[in-house]
Each structure stands twice: as C-alpha cells, then as structure tokens.
Amino acid sequence: MKTTLLSNENNVVKFAMDFTAEEFDAAVVKAYQASKDQFTIDGFRKGKAPRSIIEKHYGEGIFFEDAINSMFQEAYPAAITELDLDVIESPKADFSEIGHGKPLTVTITVAVFPIVEIKDYKGVEVEQLEVEVKPEAVENEIKSMQKRNARVVVAEREVKEGDTVVLDYAGFVGEEQFEGGTAENQELVIGSGMFIPGFEEQLVGAKAGDNVDVKVTFPEEYHAEELAGKDAVFHCTVHEVKEEQLPELDDEFAKDVSEYDTLDELKKSIEERLEKYLKEQNLNEAKNDAIEKVYAANTVETPKNLVEDELDSIVQELDRNLRYQGLGIDQYLQYVQKDMAEFREEFREDATKRVAIRIILLSIAAAENIEISAEEMDEEMKEMAKMYNVPEEHVRNMIGEANMSYFAKDMKVKKAIDLIYDNAKVTMVKEKTVAEEPAEEPAADAE
C-alpha cells in the first residue's frame, strides 16, 4: 500500500491509499476464507463451495465489502501514523472502480487537530512569587509530627476541649426514646463537631462516673425528618476521660520519627522540602499566568467534537473520583438534581477553554518546530515510574503503543509551556499585584 498526501487546508486533510491489484485480490481471498462457512450451495457441503461458484451464485462483488473493510482497518491507522496526522473525527472515504484484477485507490478526507497562527506568545509579562519559608511553617510541620505521634492516656480530671470522652448515651424526645440515639462505650473528641450542635460543649466539666443530661435541638434540615427541629435530651454516662500526651520535641523525637539524629537536622530538612515545594508551586503558577495571557491574546475556534470529547473526559474524571468515595456519576446527578445534559452544559465553557489552550500550545509547538525524541520519551517514562514507584515497563504498558503519539503530543505541550515561560518577562515579587476593577463611569444626568 502506498500513501500519498493530496492536500492539507483549513485543518482538513485529503490523502490517497493506493493498493495494487494483487493486494486487493489477496484481501478478497482472505474475506472468502473468513466467511465461506456461511454459504450453502447445492452440490457442495457447507463451507466447501469454491469462491468462483459462490461469486457466480451471489455476484462477483459478494466478498468486496469485507475485503475493503479488512484492508481499511489495517491501512488507515498505518497511513495516519505515516503522515503524522492527529485526526479528530471519522474519515470519509471515496473508492475508485472496484473489481477483480484491478488496483484500488481509497481517497480519505478527514478533519485534523487544528494548527493555527498564534500571536504574542513571546514577551508576556508575569509576576512570580519569591520563595520564602517562614519559621512558623516549619514549626507547624513539627507540631503536626508531634501530634501524629501523641499517645492517648486516661486523665483523672474534668473534661476539657480536645479530650476524648468514652460514654454511653440514650436519646429521648419527650418521654419516648428514639431509634438510632443510643450507644455504649462511644468515643467522642470534644470540639470535633461530630455530634449535634451543642452536644459536646455540655460534657465539658464532667468527670468519669458522672451522669449528664445533654439537651439539644435537632437542626431543621436534619436527615431524619421525624427528628428535624425537635427538642431532645440525651442521658449520658461518662466512663473515661482521655487526653493526648505529646512527646518532647528533642533529639530523641527526631530519631524516632525520621532518619535524622537531631531536631535541628529534622527542621532543616523540613525547611528544604517546603522550599522545594513552594519553588515548584510558584513556578507553575507563573507558567499558568503566562498561558492565561497568551489565551486572552488569541481567539481560537474550537471544533465541536473536541469540546464534546473534553466534556467526556470531565465526566469520566468525576466518575472516577466519585467511585473512590463509593458513589457513581448517576447518584451524584440525582443528588445535585441535574441530568447529564445539564451537567455537561455547566462545564461546556471550561471544556471549550481547555480545548482552546491545547490548540494554542500545539500550534506554538508546530511554529517552533518542537519535536520529541525517543530518548526524551524514555526519560519521561522513567520519571513517571519513579514518581509512582512502579517499574518503567508498567508505565509503558499503561500508556500502550497505540497511544505513544498522544504521549508525545503531551510532551510537546509541556515544551511549549516552557517556551512561553522562558521567553516571558518574569518579575520576582514578594506579593502579587491584585488587578483593580475598572471604576464605573458616573451616570449621565437626566435631562
């Protein structure tokens, strides 16, 4: 098969796939072999009739459609790979005269990912925050580590905020005990907000062995309708009061919770980690600001099918996230009282913008002749393997050979973003300038 590019205008490509007569006849034989068992011809056992007899009985072209479909399924992906086309819709095909002993030409017309002229993508002005790790940020990290390593011990004293209380309770509305309002040896952290508003505060000051009547009013929008807005009392018995016992912040603490020998070394490592994180965060924010300015400077038409594909991705991403929480997209839509069409419409503007930005970035990559080498792709996969702590082969299999061209395009997008940033006028600042809203013009006096 020979592939020939015929035209590439206005993001519509036309190309020809030329098959020799021998290739076409071989495909016809293959189609006959695959479907001959479906034919019953008098004088022949089922599946044993020669091709010439079947063609004479049903017509010369009985196997042409299957032959052409088979050729197309193999040749079309190879052709778009050879021509390096990023198609965005199903192709339209025109065929030359078809017959035994004749070559076949299939002319394809298909829309491709738009590459357009982008202006003002060099020299954009952006502000980037300087990296400053404040001492209190390090101290907060240390305190979090201290709290994570705290012990919970019994306290022989009255309950105070932050304590854990072990209690029994039984809830009543009037004289009637209600379902679901009873528990034994329940642990409750005072101040956690896990119980009905006003419940936890009334346990402050109690001691182990005390009986406390906690009076509350259920919220008007409480999930159990029979209790919503009702006054209730919980008869509580406090069994234990527990408090957190924090470890001392010293060198021994550092040895216990980290690979460092001293508390100062641990603090230094936290400072370096925070500095690295903030540097990367501030850099990404500056890059995003630069992209936003290039987006604002260019008007890009977004093909409808690309926007629909992006909406599909948004729906799939939400569905994946919901499934981690034991839900699904259908349950979510019921909860927000929307159907799928309304949900998609809500995100259409965001999807359109995402598509426009991708068009901008890939168009810049094309204008700047950005290419991705096999070595760069290998290095990127190594970094991904390191990031997710999996073998490199696992990453390669996860991407799949069929998607390597899309993987390369994603790398081109990253390079285009870096190019915009590298050519931007970046001002390092301690605080970003907040854009002022334009002042409203005074209304004209009525005559």
Side-chain angles (χ1 to χ4, degrees), residues 73 77 86-91 110-114 171 173 178-183 186-189 192-197 199 216-230 232 284 288 291-292 295 300-362 384-385 387-390 394-407 409-410 413-414:
Q73 287 171 9
D86 189 359
V87 301
I88 61 172
E89 67 177 13
S90 299
V110 65
V112 295
F113 192 91
V173 172
F178 57 85
E179 186 178 351
T182 304
Q186 175 74 47
E187 287 198 350
L188 173 63
V189 178
S192 65
M194 296 297 292
F195 276 27
I196 301 165
F199 186 106
V216 298
T217 301
F218 283 95
E220 292 291 341
E221 297 182 356
Y222 193 64
H223 61 86
E225 294 181 5
E226 68 276 11
L227 297 175
K230 298 284 183 66
N284 287 335
N288 287 336
I291 293 168
E292 286 289 338
Y295 169 73
V300 176
E301 289 187 20
T302 51
K304 290 182 180 179
N305 55 335
L306 287 183
V307 175
E308 293 301 324
D309 288 346
E310 189 63 36
L311 284 168
D312 289 343
S313 296
I314 291 172
V315 171
Q316 291 164 8
E317 183 180 357
L318 175 63
D319 191 38
R320 280 195 302 271
N321 292 337
L322 288 170
R323 289 186 187 280
Y324 286 129
Q325 303 171 41
L327 299 172
I329 190 70
D330 293 334
Q331 292 168 290
Y332 173 78
L333 291 174
Q334 287 178 1
Y335 178 76
V336 298
Q337 298 182 329
K338 291 181 181 178
D339 59 27
M340 181 58 75
E342 290 173 318
F343 176 79
R344 290 173 73 91
E345 201 57 38
E346 182 179 327
F347 283 91
R348 185 168 298 278
E349 184 177 345
D350 184 45
T352 302
K353 182 177 180 179
R354 289 192 195 183
V355 171
I357 287 176
R358 187 166 178 84
I359 291 172
I360 287 170
L361 294 173
L362 283 173
M384 290 176 66
M387 182 186 304
Y388 295 111
N389 195 27
V390 296
H394 179 78
V395 173
R396 187 176 292 277
N397 292 336
M398 184 177 64
I399 297 168
E401 288 302 322
N403 294 317
M404 283 299 170
S405 61
Y406 298 106
F407 183 67
K409 284 184 173 63
D410 287 342
V413 165
K414 289 182 181 179

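No hydrogens, no waters, no symmetry mates; every other heavy atom, side chains included, goes into these values.
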- Message: Could you work out, with side chain to side chain contact (heavy atoms under 4.5 Å, CB included) as the rule, every residue matching N305, not counting sequence neighbours?
- Response: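 Side chain to side chain contact (heavy atoms under 4.5 Å, CB included) check on N305 returns I88, E89, P303.
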
- Listed by chain and number, what are the salt bridge (Lys or Arg N to Asp or Glu O under 4.0 Å) partners of K353, not counting sequence neighbours?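 Once residues adjacent in sequence are excluded, the partners of K353 under the salt bridge (Lys or Arg N to Asp or Glu O under 4.0 Å) criterion are E292.
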
- Query: Under the ring pair (Phe, Tyr, Trp, His ring centres under 6.0 Å) rule, what pairs show up with a residue in residues 305-339, not counting sequence neighbours?
  - Reply: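 Counting only pairs at least two positions apart or across chains, no ring pair (Phe, Tyr, Trp, His ring centres under 6.0 Å) contact touches residues 305-339.
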
If you look at every heavy atom in [X] and [Y], which pair is closest and at what distance?
X	Y	value
I359	E301	CD1-O, 3.7 Å
V173	A232	CG2-CB, 4.1 Å
L362	K409	CD2-O, 3.8 Å

- Item | Whether F347 and F343 hold their rings parallel, tilted or perpendicular, with breakpoints at 30° and 60° |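 Correct class here is tilted.
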
Identify every side-chain donor-acceptor pair in residues 311-319 under 3.5 Å, counting partners at least two apart or on other chains, and give the distances.
| residue | atom | partner | partner atom | Å |
| --- | --- | --- | --- | --- |
| D312 | OD1 | R344 | NH1 | 2.8 |
| D312 | OD1 | R344 | NH2 | 3.1 |
| S313 | OG | D309 | O | 3.3 |
| D319 | OD1 | I329 | N | 3.1 |
| D319 | OD2 | R323 | NE | 3.1 |
| D319 | OD2 | R323 | NH2 | 3.4 |

- Task: Salt-bridge test for K414 and D410: reply yes if a basic N is under 4.0 Å from a carboxylate O, no otherwise.
- Result: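 No, this pair does not count.
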
- R348 and E308: side chain to side chain contact (heavy atoms under 4.5 Å, CB included), yes or no, with the steps? CA-CA 8 Å; R348 185 168 298 278; E308 293 301 324; 2.8 Å; yes

- Task: Could you name each residue pair satisfying salt bridge (Lys or Arg N to Asp or Glu O under 4.0 Å) that touches residues 332-342, not counting sequence neighbours?
- Result: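 Applying salt bridge (Lys or Arg N to Asp or Glu O under 4.0 Å) to every pair that reaches into residues 332-342, excluding sequence neighbours, yields K338-E346.
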
What side-chain donor-acceptor pairs closer than 3.5 Å can you find for residues 222-229, not counting sequence neighbours?
none

- Check: Y388 and M398 side chains under 4.5 Å, non-hydrogen atoms: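 Not touching, per the 4.5 Å side-chain cut-off.
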
